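See below for the structure under consideration.
Worth saying up front: this structure is predicted, and the values here are computed from it rather than measured.
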Amino acid sequence: MLSMNFLRQAARSARTFSTTSIARKDLVQDLYVKELKAYKPPVAAKDAHVGVVKNFSLPAVPKPPTLPVDLAAELTAYDATEPTKAEAEVTSSTVHAGEDVGKGADAFLGFLEADVKQAEVHH
């Protein structure tokens with residue numbers, strides 16, 4: 001019977017908890033908040049920006065484009081000139097290794113269908 005009473009007391013004490021808890025203060029947080037509230041930033045002088053900021057000045061107004069004096073003569077001279085045709089030159093820098101540039105599609109397809117020589121493997 002003694003053991004039954006002990007078990008009942010143990011079960012009852014295990015189920016209950018204390019509702020009065022001591023409020024723990026965070027001393028570091030209190031110190032930090034106190035210092036934040038006490039902080040006063042230094043007063044900036046009225047002319048603190050002098051020498052740091054440039055004075056604004058408007059840029060120069062651009063001049064409008066002017067038409068040539070004798071526009072008709074320049075247009076007739078332009079129309080009279082014959083256009084020149086640039087010759088397409090194939091340089092060695094445009095030739096890729098193993099490709100024949102400028103030979104046509106048949107040469108390219110022949111190159112693709114050619115047998116690839118296998119390198120001999122020495123064991």
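Separating the CG atom in L36 from the CG atom in L31 is a distance of 11.0 Å, to the nearest 0.5 Å. Atoms OH and NZ, from Y32 and K37 in turn, are 13.0 Å apart once rounded to the nearest 0.5 Å. Taking CD of Q29 as the start and CG of L27 as the end, the distance is 10.5 Å to the nearest 0.5 Å.
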_Set out, in order, the CA-CA distance, both residues' side-chain angles and the distance that settles side-chain contact (heavy atoms from CB on, under 4.5 Å) for D30 and K34, then state yes or no._
CA-CA 6 Å; D30 290 344; K34 183 179 106 180; over 6 Å; no
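Taking all atoms of both residues into account, the shortest heavy-atom contact from V52 to A48 is CG2-O, 4.2 Å.
Other residues sharing the hydrophobic cluster of V69, ordered by chain and number and joined by side-chain separations under 4.5 Å: none, the residue standing alone.
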